Amino acid sequence: MFSDVIENQDFPGSLEDKFAVERSLYNRIMKTAVWVIGIPAWLFGVADRGVAAFFDHSVTTSEVSQLLFVSIIFVSWLLLKPEETASVSNLRALRNHNVFSSISQPQEKAKSKTQRRMQELSDQFITSQEHTLPFPYYCQIYHLLNLKHLEDIHSFSLGNLKIVEVSEFQATQEGGKLKFKTLLDSPMNILRLWRDATVEVELTLHNPYTVELRIPAYAGKEVSVIFNAMPIDESSHKLYIDMYSDLGWPKPLLRFVFHMAAILTLLEDLPYLRKLAERNIQHLINKQRVSRHNSMQLFNRFIDLYGGSEAAMLQPQAQGV
């Protein structure tokens, strides 16, 4: 789990504070890229010294010393891997932030359902990230539940992915579930390596803080990403990203690919989140102003259940599904 923390939580704050996340992410990408490129370079060095030492029918002390030296440097390079710590699950994040300290019956059900879902996915866990972002919590929820951002904000990382149609919406007591078809219209899109050109994606609002994205892959396998947005104060929040998959690829490879993909998409998100933060938040969450387009059904469901106040955010409004 990468942890990118901004020390100064005051908002709006200076431009220096607002762009600290980008600098941290760019530094992470640079460090990880250099480390990955170094692995085959040092492997080549070990192989070259090994061939020189043992395959020319004469082993010399100098050649063995060189092989040992290069091997030690290679192992040291592996140990210099950019920092990763143990995963912090969405459920642990909920507990740490005392989200359910004043439990209502609907919230208890939401907690149980989320816990069951996390347990279902535990064997498929790949990696996680944690970020502290200087934007209101509502900006992140709006962003996660707005389908159009997949086309507009992530046009580069998703290779101009298109949303073909919203095929199904199902309301639940704590949130809702939206199914929509996506199209990779370019034959050169790298995402075609692990999914069909057209698949039905599922987006679920489990509770006011937890959103899950499920993406079908080949041969009945899938990738699941669980986002947990935890408000810190009126102007900042923590974002936990947990990634799961039953793809048959080596886990170290999946871990690297998923980490880099999450960092890239977050970099694309930041300018958009910044623009949302500059708007009047009450306008952003005003039910009368939110689009009624079917791509916004989950966000409208969020507004219906949790309203626009901090108190309402923690206690679902008393209304039926």
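Any value given below was found using the heavy atoms of this structure, including those in side chains, with hydrogens, waters and symmetry copies removed. Computed from a prediction, not measured in an experiment: that's the story for all the values here.
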Notebook entry, point to check: Ring centroid separation for Tyr142 and Phe302, is it under 6.0 angstrom?
Noted result: no
Check: Are Val34 and Phe44 connected in the hydrophobic side-chain network, where two residues link if heavy atoms are under 4.5 Å apart?
Finding: no
Check: Can you find a side-chain donor-acceptor pair between His206 and Glu174 that sits under 3.5 Å?
Finding: no
Check: Is it true that a side-chain atom of Thr210 and a backbone atom of Asn207 form a donor plus acceptor pair closer than 3.5 Å?
Finding: no
Notebook entry, point to check: side chain to side chain donor-acceptor pair (under 3.5 Å) with Ser167: which of Lys179, Glu202, Glu200?
Noted result: Glu200
Check: At what distance, to the nearest 0.5 angstrom, does CZ of Phe256 lie from OG1 of Thr127?
Finding: 12.0 Å
Next item on the list: Give the cluster check for Leu253 versus Ile215: same hydrophobic cluster or not, with ILVMFWY residues linked at side-chain heavy-atom distances below 4.5 Å.
Entry: yes
Item checked: Approximate separation, where rounding is to 0.5 Å, of Lys251 NZ and Phe125 CZ -> 8.5 Å
Item checked: Sequence-distant partners of Gln124, side chain to side chain donor-acceptor pair (under 3.5 Å), two or more places apart -> none
Note to self: Is there a side-chain contact between Ile141 and Tyr137 in this structure, where contact means two heavy atoms from C-beta onward sitting under 4.5 Å apart?
What the structure shows: yes
Margin query: For a 4.5 angstrom cut-off between non-hydrogen side-chain atoms, does Thr198 reach Thr182?
Written below: no
Checklist line | Contact list for residues 33-51, test salt bridge (charged side-chain N to carboxylate O under 4.0 Å, His left out), sequence neighbours left out | finding: none
Notebook entry, point to check: Salt-bridged, Glu278 to Lys275, with N to O below 4.0 Å?
Noted result: no
Checklist line | Shortest non-hydrogen contact from Ser245 toward Val223 | finding: OG-CG2, 3.7 Å
Next item on the list: Report the residues that fulfil side chain to side chain contact (heavy atoms under 4.5 Å, CB included) with Val46, sequence neighbours left out, ordered by chain and then residue number.
Entry: Leu67, Val70, Ser71, Phe74
Next item on the list: Kindly write out the residues that satisfy salt bridge (Lys or Arg N to Asp or Glu O under 4.0 Å) with Lys181, not counting sequence neighbours, or none if the list is empty.
Entry: Glu165
Item checked: Short side-chain donor-acceptor distance under 3.5 Å, Lys177 and Thr204 -> no
Note to self: Looking at Gln170, is its backbone amide N or carbonyl O close enough to the side chain of Arg301 to form a donor-acceptor pair, meaning the two atoms are under 3.5 Å apart?
What the structure shows: no
Note to self: Tell me if the centroids of the rings in Tyr240 and Phe227 come within less than 6.0 Å of each other.
What the structure shows: no
Check: Taking Ser236 for the side chain and Ile232 for the main chain, is one N or O donor matched with an acceptor at less than 3.5 Å?
Finding: no
Notebook entry, point to check: Between Tyr209 and Pro231, is any pair of side-chain heavy atoms under 4.5 Å apart?
Noted result: yes
Check: Counting only N and O atoms by type, is there a donor-acceptor contact under 3.5 Å from the side chain of His237 to the main-chain atoms of Ala229?
Finding: no
Notebook entry, point to check: What salt bridge (charged side-chain N to carboxylate O under 4.0 Å, His left out) pairs are there with at least one residue in residues 133-148, not counting sequence neighbours?
Noted result: Lys148-Glu151
Item checked: For Glu222, side chain to side chain donor-acceptor pair (under 3.5 Å) partners two or more places apart -> Arg214
Check: His149 side chain to Asn146 main-chain N or O, any donor-acceptor pair under 3.5 Å?
Finding: yes
